[in-house]
> 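Pasting in a structure now, in structure tokens, and then I'll have a few things to ask.
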There are 2 protein chains.
Amino acid sequence: MGVDVQLGLNKGLFHRDPQETTLGKKIIESSIILIEDLGFEDFTFRKLAKEIGSTEASIYRYFENKHLLLVFLISWYNEWVNYLLEINSRNIFDSISKLETAIDSIADASLDLYTPSYINMQLLHHIVITESTKAYHTKRVDKENQEGLFLPVKILAEKLVALFEEINPDYPYPRLLASTLLEMANSQVFYAQHLKRLTDIEVEKEDYSQLKRAMKHTAFKLLGIEEM
Amino acid sequence: MGVDVQLGLNKGLFHRDPQETTLGKKIIESSIILIEDLGFEDFTFRKLAKEIGSTEASIYRYFENKHLLLVFLISWYNEWVNYLLEINSRNIFDSISKLETAIDSIADASLDLYTPSYINMQLLHHIVITESTKAYHTKRVDKENQEGLFLPVKILAEKLVALFEEINPDYPYPRLLASTLLEMANSQVFYAQHLKRLTDIEVEKEDYSQLKRAMKHTAFKLLGIEEM
DNA sequence: TATTAAATAGTAGTAATACTATCATAATAA
DNA sequence: TTATTATGATAGTATTACTACTATTTAATA
């Protein structure tokens with residue numbers, strides 16, 4: 001029941017679009033569970049195949065390798081955030097409110113209800129937090145970047161940059177601030193969960209209010225805006 | 001010729017301290033070259049053994065696995081930065097100058113001359129930039145954190161925190177700022193080299209002046225200090 | 001409804017990885 | 001000189017990351 005959103009993702013991510021078939025959706029669904037459970041390095045296509053009662057060969061018909069499956073998942077998440085950011089900022093015309101909404105959308109993306117049934121957004125969010133840097137810290141970055149595989153984050157960043165420039169056109173580091181905030185949204189949650197001495201925030205269950213406050217504080221301070 | 005510094009690192013990092021033997025030093029020296037060359041995922045102990053004319057078994061006598069070798073390298077780097085920070089801030093008593101010096105030390109750590117002959121600091125820096133998040137984004141974080149394997153970064157962060165508190169005791173996010181700045185020192189360089197749209201800075205060869213300016217700007221703005 | 005095409009399953013095999021174990025030999029220290 | 005320690009040499013195992021090929025099921029179309 002319910003309508004499943006399909007995101008149009010870069011075709012370089014897969015051989016066959018997993019969003020279009022039953023097996024494809026099962027691959028996505030179970031890979032999210034397995035990666036979260038085992039960690040990316042111990043996750044294998046063999047284990048995934050066993051989990052969904054299929055075969056390695058069948059999975060390879062969708063994804064060239066597990067690295068690209070990870071890039072796919074991260075891209076999916078970021079496209080989703082882009083989409084949220086778009087719809088949540090409708091009818092907001094004050095640029096400061098727009099930035100606040102953007103930060104809320106980024107931090108709370110996994111709490112939205114209208115994700116497809118085969119995607120456990122909470123788990124996917126957790127994967128983004130712990131594994132996403134591995135998607136681009138590789139020898140293939142330049143090649144994959146050229147193919148457009150990292151466009152979703154880059155677009156996300158540019159939306160923030162546009163807001164920063166609206167708010168304070170003289171701020172000298174809009175792109176740095178965008179990427180820093182996006183990283184912060186992941187790393188600070190990770191620290192809160194594993195390396196507490198590296199953060200001041202706490203995250204309980206799915207409550208990201210402290211994260212949001214810190215992100216807004218940082219953004220506004222750097223842009224030279226006094227918060228209310 | 002020259003005296004080689006030996007850093008006292010956590011014994012949980014290795015079976016046998018590689019800094020103490022000829023083979024150990026060769027392992028360090030060549031692993032830095034190989035990891036930088038192949039990327040961490042394609043780097044193997046077999047290739048390393050071949051490179052230094054030794055055997056896998058001998059390398060395993062030093063490191064339990066390549067993950068711990070990576071953690072060792074990152075720890076070494078961070079201990080080095082801690083050491084630099086210490087000696088460079090001697091005789092500086094103004095806390096703002098101390099912070100500036102700290103940022104300089106962090107960004108320029110790989111340019112220092114007095115590193116051991118078997119450690120190519122430029123390459124190691126590059127490894128830190130591209131591979132360091134992999135050292136702690138794993139299922140073993142909590143266990144390894146408990147064993148103290150990540151102490152070097154945490155100590156580094158606390159030194160920054162102490163400075164922030166000296167400069168502005170009311171700043172609400174000192175730990176977040178510390179970890180954010182430390183990440184920035186790596187990620188922004190990575191972006192400058194691979195994903196230019198995510199940064200405003202440029203890094204040419206080993207010139208990190210734009211990075212340092214951005215880090216200082218960020219730190220001072222957030223701490224509420226006007227720069228000169 | 002029969003025919004065809006597409007999707008999936010099943011099986012097998014290969015080169016490489018991530019180790020472990022054992023024994024021999026070389027270097028060093030007591 | 002004798003132990004001890006470090007390294008080398010060789011071999012072996014389970015698992016990974018694939019590729020290739022064939023058989024069967026499911027869905028689309030005529």
Side-chain angles (χ1 to χ4, degrees), chain A residues 6 11-31 34-35 37-73 118 131 134-135 138-140 143-144, chain B residues 6 11-31 34-35 37-73 118 131 134-135 138-140 143-144:
Chain A
Q6 264 204 36
K11 297 199 187 334
L13 292 166
F14 43 72
H15 288 314
R16 178 177 305 165
D17 191 340
Q19 296 175 107
E20 284 173 355
T21 68
T22 315
L23 180 60
K25 288 173 189 174
K26 277 210 287 190
I27 290 173
I28 302 302
E29 179 172 24
S30 296
S31 66
L34 265 187
I35 292 175
D37 192 36
L38 304 171
F40 185 65
E41 7 289 314
D42 288 346
F43 164 81
T44 69
F45 278 1
R46 177 170 301 226
K47 290 171 187 166
L48 176 58
K50 201 179 169 190
E51 180 77 19
I52 62 185
S54 180
T55 62
E56 274 183 278
S58 295
I59 294 168
Y60 276 107
R61 274 179 211 113
Y62 285 85
F63 293 103
E64 202 175 316
N65 50 53
K66 71 172 187 170
H67 164 72
L68 283 172
L69 168 54
L70 178 65
V71 179
F72 176 92
L73 294 176
Y118 58 95
E131 317 287 3
K134 296 171 193 166
T138 122
K139 279 285 156 189
R140 308 168 243 195
K143 190 180 139 278
E144 296 185 344
Chain B
Q6 264 204 37
K11 295 197 187 338
L13 292 167
F14 43 73
H15 289 314
R16 178 177 304 163
D17 190 341
Q19 297 175 107
E20 283 173 353
T21 68
T22 315
L23 179 61
K25 289 174 189 172
K26 276 209 288 189
I27 290 174
I28 302 303
E29 179 172 23
S30 296
S31 67
L34 265 188
I35 291 175
D37 192 35
L38 305 171
F40 185 64
E41 8 288 314
D42 288 347
F43 165 82
T44 69
F45 277 3
R46 178 170 300 226
K47 290 171 187 166
L48 176 57
K50 201 179 168 190
E51 180 76 20
I52 62 184
S54 179
T55 63
E56 274 183 277
S58 295
I59 295 169
Y60 276 107
R61 281 183 201 109
Y62 284 84
F63 292 103
E64 204 175 316
N65 51 51
K66 70 173 187 169
H67 164 73
L68 283 172
L69 169 54
L70 178 65
V71 180
F72 176 91
L73 293 176
Y118 59 94
E131 317 286 4
K134 296 171 193 168
T138 126
K139 278 286 154 188
R140 311 169 240 196
K143 191 181 137 279
E144 295 184 345

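Each chain gets a letter, A, B and so on, in the order its sequence line appears, and its residues count up from 1.
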> Measure from CD on A:E41 to C1' on D:dT15 and round the result to the nearest Å.
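Interatomic distance, CD of A:E41 to C1' of D:dT15: 16 Å.
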> Can you confirm whether A:K139 is buried at NZ, in the sense that more than 12 heavy atoms of other residues, nucleotides or ligands lie under 6.0 Å from that atom?
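Yes, because the 6.0 Å sphere around NZ of A:K139 holds more than 12 heavy atoms from other groups.
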> At less than 4.0 Å, is any side-chain N or O atom of B:S54 found next to OP1 or OP2 of D:dT7? Yes or no.
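Indeed not, no polar side-chain atom of B:S54 lies that close.
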> Could A:E41 and B:K134 be called an ion pair, given the rule that one side-chain N must be under 4.0 Å from one carboxylate O?
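Not counted as a salt bridge, because no side-chain N and carboxylate O are separated by less than 4.0 Å.
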> Whole angstroms only, please: what is the NE2-P distance between B:H15 and C:dC19?
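Going from B:H15 (NE2) to C:dC19 (P), I get 10 Å.
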> Among the nucleotides C:dT8, C:dA18, D:dA9, which one has an atom lying closest to any side-chain atom of B:R46?
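Ranking C:dT8, C:dA18, D:dA9 by closest atom to the B:R46 side chain puts C:dA18 first.
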> Which of these nucleotides, C:dG10, C:dT22, C:dC19, is closest to any side-chain atom of A:R61?
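Between C:dG10, C:dT22, C:dC19, the one nearest the side chain of A:R61 would be C:dG10.
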> What does A:T44 touch in the nucleic acid at a heavy-atom separation under 4.0 angstrom: a base, only the sugar-phosphate, or nothing?
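Sugar-phosphate, backbone atoms only, no base.
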> Given atom CD of B:E56 and atom P of D:dG8, what is their separation to the nearest angstrom?
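Distance check: B:E56 CD to D:dG8 P gives 13 Å.
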> Determine yes or no for a side-chain-to-main-chain donor-acceptor pair under 3.5 angstrom, with A:S30 supplying the side chain and A:I27 the backbone.
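Looks like no, no N/O pair under 3.5 Å.
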> Can you tell me how far apart CZ (B:F63) and CZ (B:F72) are? Round to the nearest 0.5 Å.
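Reported to 0.5 Å precision, the distance equals 4.5 Å.
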> Check the phosphate of D:dA6 against B:Y62, side-chain N and O only, distance under 4.0 Å to OP1 or OP2. Yes or no?
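Answer is no, no contact under 4.0 Å.
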> Choose from C:dT20, D:dA17, C:dT11 the nucleotide whose nearest atom is closest to any side-chain atom of A:Y60.
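Comparing C:dT20, D:dA17, C:dT11 against the side chain of A:Y60, the answer is D:dA17.
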> Looking at B:T55, I'd like to know whether one of its side-chain N or O atoms comes within less than 4.0 Å of OP1 or OP2 on D:dA9.
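So the side chain of B:T55 is outside the cut-off, no N or O lying under 4.0 Å from OP1 or OP2 of D:dA9.
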> B:D42 CG to C:dT17 P: how many Å, rounded?
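That distance rounds to 8 Å.
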> In whole angstrom, what separates B:L23's CG from C:dA26's P?
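Atom CG in B:L23 sits about 17 Å away from atom P in C:dA26.
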> Do any side-chain nitrogens or oxygens of B:R16 fall under 4.0 Å of OP1 or OP2 in D:dT7?
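So the side-chain polar atoms of B:R16 do come within 4.0 Å of the phosphate oxygens OP1 or OP2 of D:dT7, strictly under.
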> Under 4.0 angstrom, heavy atoms only, what part of the nucleic acid is B:F45 near: base, sugar-phosphate, or nothing?
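No contact at all - B:F45 keeps every heavy atom at 4.0 Å or more from the nucleic acid.
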> Between B:K66 (NZ) and C:dA16 (C1'), how many Å, whole number?
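Nearest whole value for this atom pair: 12 Å.
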> Return the value, rounded to whole Å, for the distance between atom NZ of A:K25 and atom P of C:dA7.
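Checked: the NZ to P distance equals 14 Å.
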> So, does B:K66 use its side chain to make a donor-acceptor pair with the main chain of B:F43 at under 3.5 Å?
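Yes: the side chain of B:K66 pairs with the backbone of B:F43.
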> Can you tell me if the side-chain N/O atoms of B:K47 get under 4.0 Å from OP1 or OP2 in C:dA16?
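For B:K47, the contact criterion (side-chain N or O under 4.0 Å from OP1 or OP2 of C:dA16) is not met.
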> When the distance from NZ of B:K50 to P of C:dT17 is rounded to whole Å, what number comes out?
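Taking atom P of C:dT17 as the reference, NZ of B:K50 is at 11 Å.
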